[in-house]
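Each chain gets a letter, A, B and so on, in the order the sequences are listed, and its residues count up from 1.
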Amino acid sequence: DTGVSQNPRHKITKRGQNVTFRCDPISEHNRLYWYRQTLGQGPEFLTYFQNEAQLEKSRLLSDRFSAERPKGSFSTLEIQRTEQGDSAMYLCAIRANSYEQYFGPGTRLTVT
Amino acid sequence: DQQVKQNSPSLSVQEGRISILNCDYTNSMFDYFLWYKKYPAEGPTFLISISSIKDKNEDGRFTVFLNKSAKHLSLHIVPSQPGDSAVYFCAADSGAGSYQLTFGKGTKLSVIP
């Protein structure tokens, strides 16, 4: 099963607040990814985990962003001191045994 | 610089006709290509993929063609149905390291009944 759930689906926050998103793959997958999608753009890679190890981070991931995958299952993405430019859809994906990545429904963040 | 380009932001097609969505890439290291379909407020859904060692892959109404020398791929949908109306993203995998996907900006397909 390649299902992925994400919570919350929508988050509205005021600038300067911290937010945390969660990604839960339905079954175990070694590789887990976070992407960000803004209006009119395709998803952009943020970071990647193999099991619990965070192995790669994009330059898009400023030091206000932190991601964890403590037991190699679910993952969290935290944004500290949110800015209006952080408003986007945050997508989690898992990679099955082939090249395909399967995405969750995303968390829509709006920073006011 | 954009490594995966979808130059048509939108496309309208009559129901029953063929839809052709195009994608160009610049990075020669890409060796696997994928198409995703996305509805508003949902995550991308995997549609079909192709390895760089092939030039065609078919799955039902969907066929992807790869022209490696031209660094061009296309997705054909035949026959097009109103339920195919969505944004289609082309993505490429470098086949190494993190296997992260690089996406184009998408093409919005509208299938008119």
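In this structure, chain A has a heavy atom under 4.5 Å from the side chain of B:F89, while its backbone stays farther away. Contact of A:R108 with chain B is not made at all, since no heavy-atom distance falls under 4.5 Å. Only the side chain of B:L34 has a heavy atom closer than 4.5 Å to any heavy atom of chain A. Contacts between B:E42 and chain A at a heavy-atom distance below 4.5 Å involve the backbone alone (N, CA, C, O). Residue contact with chain A, scored on non-hydrogen atoms closer than 4.5 Å, is absent for B:A91. The part of A:L91 that comes within reach of chain B is its side chain, from C-beta onward, which places non-hydrogen atoms under 4.5 angstrom from that chain. Heavy atoms of A:Y33 lying under 4.5 Å from chain B belong exclusively to its side chain. Looking at A:Q50, there are no atoms closer than 4.5 Å to chain B (heavy atoms on both sides), in backbone or side chain. Proximity to chain A is absent for every atom of B:K108, based on heavy atoms less than 4.5 angstrom apart.
In summary, the aromatic rings of B:F33 and B:Y25 are positioned with their centroids under 6.0 Å apart. Taking the six-membered ring where the residue is Trp, the centroids of A:Y35 and A:Y90 are separated by 6.0 Å or more. Annotation: B:F62 is not in aromatic contact with B:H76 [ring centroid separation under 6.0 Å not met]. The distance between the ring centers of A:F103 and B:Y36 falls below 6.0 angstrom.
Between A:R64 and A:E83 a salt bridge is recorded (basic side-chain N to carboxylate O distance below 4.0 Å).
Judged by distance alone, the side chain of A:T38 and the main-chain N or O of A:A88 form no donor-acceptor pair under 3.5 Å.
A side-chain donor-acceptor contact under 3.5 Å links B:Q100 and A:E56.
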